[in-house]
Amino acid sequence: MIENIGIEKFVILSTLMFFIGVYGFLVRKNLITILISVEIILNSVNINFVAFNKYLYPENLQGQFFALFIIAIAATEASVAIAIFVTLYRRIKMIDVENVNKMKY
Amino acid sequence: METTIFYIFAIVILIFSVLAVTSRRILRAAVYFLFVLLAVAGLFFLLSFNFLAAVQLTVYAGGIIVLFIFSIMLTSQVNDKLEPIAAKKIIFSLLAAIAGAVVCISAIMTYRFSEPKNIEVDAGMKTIGKYLLSYGENGYALPFEVISLLLLASLIGAIMIAKRDNT
Amino acid sequence: MNFNIYDFTEFIISIDNWLKQLLSPGLAKITGMALIGVTFLLFVTLLGLSIVYIERKVCAFFQQRLGPMRVGFWGTAQTIADIIKLIFKEPLATKNSDKFLFNLAAFIVLISPFMVIAVVPFAKGLHALDFDIGLFYVTAVSSLGVTGILLAGWSSNNKYSLIGAMRSGAQIISYELSIGLSLLAIVILTGSLQLSVIVESQRDGWWIFKGNIPAIVAFIIFIIASTAESNRGPFDLAEAESELTAGFHTEYSGIKFAFFFLAEYVNLFIIAAIGATVFFGGWMPLHIGNFTFFNEAMDIIPPIIWFFAKVAALIFLLMWFKWTFPRLRIDQLLQLEWKYLLPLSILNLVLMTIVSLTGWHL
Amino acid sequence: MEIFNITGIIPIILFASFLFTGLAGGRLKPMVSGITGTLSIFIVTAVSYYTAYKYFFEFGKAGNEYIKIIPFNLMWLQFNDTLFINMGILLDPISVMMLIVISTVSLMVHLYSLGYMKGETGFARFYSFLSLFTFSMISLVISTNLFQTYIFWELVGISSYLLIGYYYSKPSAVAASKKAFIVTRFADLGFLIGILILSYITKTFEYTTLTDPNGSAINQGSSVLFLGLSAMNVTLILIFIGCAGKSAMFPLHIWLPDAMEGPTPVSALIHAATMVVAGVYLIARLFPLYIFSGADALNVIAFIGTFTSLFAALIATTQMDIKRILAFSTISQIGFMIMSLGVSGYGDTNGLGFTASMFHLFTHAMFKALLFLCAGAVIHAIHLNNLNEMGGLRKYLPVTHITFLIACLAISGIPPFSGFFSKDEILTAAFAKNKLIFTTALITAGITAFYMFRLYFGIFWNKEVKYDKTPHEAPKTMTTALIILAVGSAITGFIPFGNFVSSNGVPLESHIHFEIAIPAVITALVGIFVAYIFYKKENNLPVRVSSAVGGLYGIIYRKFFIDEIYIFITKGLIFRFISGPVVWFDRHIVDGTMNGIAFITNLVSEKIKYFQSGQVQQYAYVMLSGIIIIVITVIYILSNL
């Protein structure tokens with residue numbers, strides 16, 4: 001609980017962050033920056049979880065644990081994704097999302 | 001006092017998020033993202049989820065960001081700039097994002113959240129440890145183990161993918 | 001104002017009260033923060049100056065020479081003179097480098113040791129923060145520094161810097177694991193991550209003595225891994241002069257170079273402080289079980305002196321390493337971590353668990 | 001009985017050995033797997049003997065009778081209250097006896113293979129398969145219910161398949177393993193149907209319930225009718241088909257001679273001493289059921305056994321490959337056992353046939369394993385297995401020579417070797433039941449003596465052959481196994497077998513029946529004498545005799561054209577008139593439908609694939625706008641309706 005700060009402020013903050021991430025996801029071409037956008041989205045979700053935990057259900061820690069697991073999954077996702085990017089770069093010397101279309105049709 | 005700190009963090013988060021998704025220098029984007037992460041960790045500290053904040057610092061700031069920077073170092077040069085994005089694309093994306101944000105925020109504003117409970121959250125290390133390793137109600141032993149398995153799998157997977165072909 | 005040099009709790013509280021009387025609550029808090037900040041800045045500067053001087057002297061003695069002798073008594077003012085020189089130097093940056101990141105890197109490198117130093121307990125009640133996740137916070141925050149090094153190497157637009165930064169990044173990330181695991185070994189015994197609790201738990205003897213063999217193994221791993229993490233010899237590949245000129249800070253000059261320099265020595269202090277706190281009882285005097293007479297005799301020496309004595313001893317140990325051992329190759333370095341230290345520390349952790357469960361520790 | 005819990009470790013040890021040698025064996029030195037396998041089977045043997053001692057002499061008897069002991073039995077699958085499948089261990093005289101037989105022979109074969117298989121590629125594989133086989137065979141004999149038996153029955157079949165095809169680079173070995181597998185699988189179909197009908201009738205799989213002479217299974221079962229016959233009879237004949245497949249009874253015997261493509265120790269273990277007697281064992285296991293509700297089935301069994309023994313013995317006289325001769329001899333001897341069960345009654349002296357069958361199983365395991373191992377030693381020494389190309393080996397292989405002679409005497413039924421005692425009991429039982437069977441069996445015994453000594457003289461006497469390399473005696477590990485088994489073959493006849501194993505558990509006093517024994521021994525001696533005349537020295541007598549009987553010899557030499565008949569039935573009839581149309585239907589109708597569907601799908605997807613641009617961001621646009629539209633619809637439009 002923070003004085004004068006209601007839960008909706010947290011939720012709005014995370015919503016804005018979420019859509020900033022979405023915007024990044026939509027416009028960016030470089031795969032790494034797209035991944036950064038995705039991570040921003042994940043962080044916004046984490047904020048939501050924690051805020052709900054703190055404000056609405058402080059008696060147990062579900063929100064915190066979900067956030068923990070999200071962080072862990074983000075780590076795995078980032079590591080595998082970056083391994084793929086590096087391999088991709090070795091193959092086609094480029095990591096723009098539009099150039100990765102070998103499998104198209 | 002805490003109110004002010006919250007606003008500072010919120011503003012930092014928003015500004016650097018925007019910078020992170022718009023910067024044309026890719027490493028700068030990563031650094032802005034680092035600031036976003038630090039501010040989020042600060043929010044967690046503010047809400048007295050100390051453990052979660054420290055995890056955020058270790059895993060994100062200490063781990064994922066370093067991975068990003070490494071991959072950026074491997075895939076681009078210092079004075080590379082990303083190509084400017086077509087105006088049409090920007091407009092459409094912006095429209096989509098703003099529309100989404102407006103819809104969500106209007107929904108949030110009209111929704112009446114139930115009254116916040118003023119109970120102190122017991123997020124101490126002992127409680128967390130107990131929850132993580134118990135398997136009854138509120139026990140997280142199974143997800144914990146599954147996550148550890150997932151981490152191992154991704155470790156091996158990342159090595160296998162990034163390994164140089166021998167052929 | 002009289003205060004007890006054995007217990008700083010009241011001293012801190014009285015300063016707080018004084019501030020509250022003087023100013024409005026919000027302002028008092030901000031002033032308190034500023035006070036702490038200024039104190040730490042001064043402390044860190046002082047620390048940097050003295051450790052650099054000590055290092056030069058120790059190095060010199062190891063190499064059978066005298067070291068700085070001209071400025072001040074036995075060259076004590078040499079480092080101050082150096083700092084003054086660095087401040088007045090022109091800050092340079094290479095062409096086509098990313099100036100913003102180039103400047104930012106120097107700050108990020110210095111921020112992380114500052115954040116760590118906040119939780120170090122110098123004496124009873126003398127610390128800025130006493131987190132319940134103390135040790136975890138230390139490892140979390142100290143991992144921020146690597147970002148600064150990577151940024152410095154990248155933004156210098158210099159291949160030596162880049163290679164140095166890459167090496168440094170790989171090295172720090174790897175050795176972080178061993179450090180964490182070796183500290184965890186003691187955490188198993190104390191059952192808490194809070195640094196003040198860890199210190200308090202050593203009232204009847206330091207963990208290095210009480211903790212049986214696993215504690216000693218943990219300490220050895222800690223010392224090796226933290227030497228590597230702070231990029232000091234024999235693991236100073238990131239700034240290997242003969243190969244990479246000066247590694248990631250080749251292109252830095254003037255005050256920004258001083259930042260890197262300072263950060264390295266503050267890190268040295270932090271490693272020694274954490275090592276002393278966890279393994280050697282921090283500010284806790286040397287106590288032996290219920291040997292009351294001896295314990296009381298030891299208590300006469302103020303805790304703050306105990307603390308700095310231990311830290312000084314550990315710093316000397318680390319310097320000794322640096323000036324004695326030859327440098328490793330990068331593949332040897334990573335092999336050492338991944339093939340030996342990491343399995344060993346995991347094994348040690350298991351051993352420690354057994355020791356703790358069966359109560360074989362004292 | 002807690003003391004018997006130790007028996008439970010037998011399968012565990014063997015399975016562990018199988019896993020270890022199978023998974024890790026390829027990476028270690030070959031000898032490590034060999035020694036691991038041998039050591040584990042040694043432990044198993046020790047435990048088996050311990051179990052047998054405890055069972056027969058301390059805990060097995062309740063009053064005057066050996067009872068069935070179940071140390072543990074775990075519920076595995078439950079269908080309803082009465083019908084369930086367990087996994088457990090059943091100890092009774094025959095299973096304990098089988099434990100001893102299997103572990104002993106298996107130990108000998110393991111030991112022997114250390115020398116025989118040395119240097120072969122896939123040494124570890126060999127040992128892991130041996131462990132698998134021993135594991136499944138032992139689990140088979142200690143099963144508590146039919147279903148468990150069936151599971152291990154199939155496992156045994158698999159390990160036999162693997163071991164026959166051990167030299168998988170040799171086409172003939174591959175063909176032989178496939179043949180063995182298909183034939184026994186075909187027979188197992190009958191077995192499975194039998195099990196299902198039996199469980200339908202009796203509502204149980206448990207042996208204790210099934211074979212209780214006063215139990216519900218036997219009483220209820222006999223009243224059910226099927227096609228005018230007693231359903232029990234049909235069922236039991238179906239089960240017998242399974243047994244016939246495994247035990248190589250006519251007309252399902254064709255796989256066994258070909259199975260000799262496997263390594264010789266395998267032939268000794270699986271195709272002489274253990275797996276092929278599984279059929280005999282199963283009939284013995286269900287014996288009360290056969291006696292009380294399947295008299296007709298038992299008659300069928302008796303006649304098939306008799307016919308097979310004569311038939312196989314006749315073929316054995318003409319064959320040239322030494323392992324093949326032994327294989328036919330095995331078929332013939334198993335025919336004896338089956339026949340003996342078929343002529344047996346229940347209880348007291350009526351049950352002599354049962355005891356005799358088990359006794360013969362026991363002694364046969366010893367001497368037939370010995371014969372095969374000796375043949376292996378001969379092959380090891382000269383790398384030939386055609387009788388025509390060998391001779392005069394007695395000088396080079398003294399140990400093999402002596403042990404082989406003992407085994408020949410034992411199988412011919414010459415006192416005091418073991419075969420004499422068991423064969424005597426079989427003949428006595430047959431005499432009491434049916435004179436025709438008795439006469440046939442007596443003649444078969446004579447023929448047995450003849451072909452065994454034909455083999456003996458052909459290998460060790462006859463002509464002196466110049467070998468490329470001077471043959472030398474087998475290594476120590478091999479001769480040790482030979483000597484131990486020879487001692488076994490020589491003396492096991494003196495065991496008062498009836499005291500331990502009998503049809504109803506009550507000890508049966510056994511003695512030699514001289515009125516049967518004397519003619520039998522004389523017949524055997526005549527057989528040996530004829531063999532002596534024909535084959536002791538090289539002469540043209542055999543050729544003259546064979547050309548004298550001409551056509552008959554040809555027919556026998558071609559094994560009565562059974563293989564050709566099979567080929568005709570399968571290729572000429574089944575493949576042409578049934579499989580052909582089925583294949584046509586499958587190719588054109590079934591595949592045609594499927595291909596048509598696929599073709600249409602392909603056509604459609606060719607048209608619509610351009611929606612998939614491969615651009616993730618486009619998808620994200622579509623998804624996001626979709627979500628927004630849905631949300632707006634739900635919130636602002638639907639809620640205002």
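Each chain gets a letter, A, B and so on, in the order the sequences are listed, and its residues count up from 1. None of these values were measured; they are calculated from a predicted model.
- The distance from atom CG of Leu151(C) to atom CD1 of Ile69(B), rounded to the nearest 0.5 Å, is 4.5 Å.
- Proximity to chain B is limited to the side chain of Leu162(C), based on heavy atoms less than 4.5 angstrom apart.
- In this structure, the separation between CD1 on Ile65(B) and OG on Ser143(C) is 11.0 Å, given to the nearest 0.5 Å.
- Of all the listed residues (Val55(B), Thr58(B), Thr4(B)), the one sharing the greatest number of non-hydrogen pairs under 4.5 Å with chain C is Thr58(B).
- Heavy-atom distances place the side chain of Leu144(C), and not its backbone, under 4.5 Å from chain B.
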_Could you walk me through whether Leu104(C) and Arg28(B) satisfy the side chain to side chain contact (heavy atoms under 4.5 Å, CB included) test, starting with their C-alpha distance in whole Å, then the side-chain angles of each, then the deciding distance to 0.1 Å, before giving a yes or no?_
CA-CA 10 Å; Leu104(C) 187 70; Arg28(B) 282 194 192 179; over 6 Å; no

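- The line from OG1 of Thr147(C) to CZ of Phe68(B) is 12.5 Å long, rounded to the nearest 0.5 Å.
- Separating the CG atom in Leu150(C) from the CZ atom in Phe70(B) is a distance of 5.5 Å, to the nearest 0.5 Å.
- The heavy-atom pair separating Ala140(C) from Ala54(B) by the smallest distance is CB-O, 3.5 Å.
- Within a 6.0 Å sphere centred on CZ of Phe113(B), heavy atoms belonging to other residues, nucleotides or ligands number more than 12.
- Sparse packing is recorded around NZ of Lys126(B), with 12 or fewer heavy atoms of other residues, nucleotides or ligands lying under 6.0 Å away.
- Atom CZ in Phe131(C) sits 4.5 Å away from atom CG in Asn50(B) (nearest 0.5 Å).
- Residues that satisfy the side-chain contact (heavy atoms from CB on, under 4.5 Å) test with Leu149(B), not counting sequence neighbours, are absent from this structure.
- The part of Phe35(B) that comes within reach of chain C is its side chain, from C-beta onward, which places non-hydrogen atoms under 4.5 angstrom from that chain.
- With values rounded to the nearest 0.5 angstrom, Arg25(B) atom CZ is found 11.0 Å from Phe100(C) atom CZ.
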